[in-house]
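Notes follow once the structure below has been shown.
Along the sequence shown, the residues carry numbers beginning at 1. Below, all heavy atoms of this structure are taken into account, side chains as well, without hydrogens, waters or symmetry copies.
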Amino acid sequence: MKVRELAADELPAWDGDPGRVAVALGFDDAEGGLVFGRESFDSELLGLEIGRILDARAPSTQAHQELLSELLSRARGLGFAQVLRRVPATDLPAVWALERSGFELMDVGVSFIRRLPEPMEIPTYDDLVVRAATEDDVHAIAAGMAGVAWGSRYDSDPAYPPERLRDLRTRWLWNSYRAQPHGFFIGLVDGTVAGYVVATVASDTGTFQLLGTLPEFRRRHVAARIWAHALAWFSNRVSVVFLRTQATNVAAVALYERAGFTLHASDLTFRLSLNSQETP
């Protein structure tokens, strides 16, 4: 199969932003293709050019490898230091092609879903006040949580030393707040921020993005109760809610299942370093 660059009107069926595309590849004599773009968040934080394969489809493992080979050559030429790719765990041809092309496994994720057929009553608590966050609240959360492990893939990634992890978590919190401040909920105990949940809405679908409890308030069911508030808030706006967590986050998985969520999908995230000198 001969791999070639695709024009803008030849992009494979992909629902992302065309302006994000740095490389688009396809075949002359077969269906399939690959879309690749810059990962702005990681690139700016690490001071490296990091790209992500946004979509890739091919009829076989060999075809996937040919797309990857051409992409990696072009990504090096464009100055990228790392390439990321997340695939469904069921897409074995894509997984095998990534492994054979030198990609390393970074993360195993699981996604859950719950349908909300009717509005739910928003719960209230005697010892916890739940409301939308303010900028002062986000400052307080960042001060208490930026130096604490979140259980994400970044916590064990050697590319992220402690000082950069603090920056990443802080920026993650602020980006989440600025994107949809009305869905950033906090819980107050005696007037002090104790925990938070970030809920986002797109069309008729809700997504839980972040959930956390400040260290001094743990083991008091703070995050779970804010989460229940946010779920009821979702029920008045969307008919289905998704969330994703690491497969190793057993406590979170148990919480989601108790709340009526069911397993929806699993995924694998891979990374390839193009430059052996790029590690900070």
Side-chain angles (χ1 to χ4, degrees), residues 13-20 37 39-42 52 54-55 86 88 109-125 128-142 145 150-153 168-188 193-213 221-246 249 252-253 255-267 269:
W14 174 64
D15 59 2
D17 176 11
R20 190 181 173 190
E39 190 77 356
S40 298
F41 185 86
D42 286 19
R52 181 180 291 274
L54 305 169
D55 191 23
R86 179 175 291 170
V110 286
S111 300
F112 292 81
I113 184 174
R114 175 173 170 178
R115 301 195 180 279
L116 304 174
E118 58 187 24
M120 301 163 59
E121 182 178 353
I122 293 181
T124 59
Y125 312 105
L128 182 74
V129 175
V130 181
R131 61 165 171 78
T134 66
E135 290 193 0
D136 287 344
D137 297 326
V138 181
H139 279 296
I141 294 168
M145 293 294 291
W150 288 10
S152 74
R153 67 175 176 86
L168 182 149
R169 295 176 187 128
T170 299
R171 291 183 59 190
W172 199 341
L173 287 165
W174 279 108
N175 287 350
S176 299
Y177 174 75
R178 290 165 179 152
Q180 289 197 16
H182 56 279
F184 196 125
F185 295 101
I186 57 109
L188 299 170
V193 178
Y196 60 94
V197 168
V198 177
T200 61
V201 172
S203 186
D204 191 42
T205 300
T207 304
F208 281 110
Q209 301 286 357
L210 292 175
L211 175 151
T213 303
H221 304 290
V222 170
R225 290 186 287 170
I226 306 171
W227 196 67
H229 177 106
L231 188 62
W233 177 84
F234 268 141
S235 74
N236 289 279
R237 292 163 175 80
V238 301
S239 62
V240 62
V241 178
F242 286 91
L243 55 86
R244 178 186 181 278
T245 190
Q246 279 63 43
N249 195 343
V253 169
L255 169 64
Y256 304 150
E257 290 179 334
R258 286 197 301 270
F261 281 75
T262 57
L263 183 64
H264 176 67
S266 54
D267 61 72
T269 302

Report the distance from atom [atom1] of [X] to atom [atom2] of [Y], rounding to the nearest 0.5 Å.
X: Ile141; Y: Thr170; atom1: CD1; atom2: OG1; answer: 11.5 Å
X: His264; Y: Phe242; atom1: NE2; atom2: CZ; answer: 4.5 Å
X: Leu128; Y: Leu188; atom1: CG; atom2: CG; answer: 7.5 Å
X: Glu118; Y: Ser235; atom1: CD; atom2: OG; answer: 8.5 Å

Please determine if Arg114 and Glu257 form a salt bridge, counting it only when a charged side-chain N lies under 4.0 Å from a carboxylate O.
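So Arg114 does not pair with Glu257 through a salt bridge.
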
Determine whether [X] and [Y] make a side-chain contact, defined as any pair of heavy atoms from C-beta on separated by less than 4.5 Å.
X: Asp136; Y: Val193; value: no
X: Phe184; Y: Leu173; value: yes
X: Leu211; Y: Leu255; value: yes
X: Trp233; Y: Val130; value: no
X: Tyr177; Y: Tyr196; value: no
X: Arg86; Y: Arg52; value: yes
X: Leu231; Y: Leu116; value: yes
X: Val222; Y: Tyr125; value: no

Let's go through Ile186 and Arg131 carefully: what are the C-alpha distance in whole Å and the side-chain angles of both, what is the deciding distance for side-chain contact (heavy atoms from CB on, under 4.5 Å) to 0.1 Å, and is it a yes or a no?
CA-CA 6 Å; Ile186 57 109; Arg131 61 165 171 78; 3.7 Å; yes

Residue pair Gln180 / Thr200, side-chain donor-acceptor N/O under 3.5 Å:
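Distance-only check fails for Gln180 and Thr200.
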
Please report the closest heavy-atom contact between [X] and [Y], naming both atoms and the distance.
X: Gly109; Y: Arg244; answer: CA-NH2, 3.4 Å
X: Ala230; Y: Val197; answer: CB-CG1, 4.0 Å
X: Val138; Y: Ala133; answer: CG2-CB, 4.5 Å
X: Leu210; Y: Ser176; answer: CD1-OG, 3.7 Å
X: Glu135; Y: Trp174; answer: O-CH2, 3.5 Å
X: Asn236; Y: Met120; answer: ND2-O, 3.9 Å

Ignoring hydrogens and angles, tell me if any N or O in the side chain of Thr245 forms a donor-acceptor pair with the backbone of Ala252 under 3.5 Å.
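Looks like no, no N/O pair under 3.5 Å.
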
Strictly distance-based, threshold 3.5 Å: is any side-chain N or O of Asp137 a donor or acceptor partner for the main-chain N or O of Thr134?
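Indeed, once roles are kept as given, a pair shorter than 3.5 Å links the two residues.
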
Taking the six-membered ring for Trp, is the centroid-to-centroid distance between Trp227 and Tyr256 below 6.0 Å?
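Yes, they do, as the ring centres are separated by less than 6.0 Å.
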
Give me each pair satisfying salt bridge (Lys or Arg N to Asp or Glu O under 4.0 Å) with a member in residues 229-243, each pair once, sequence neighbours excluded.
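The answer is none; no pair qualifies.
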
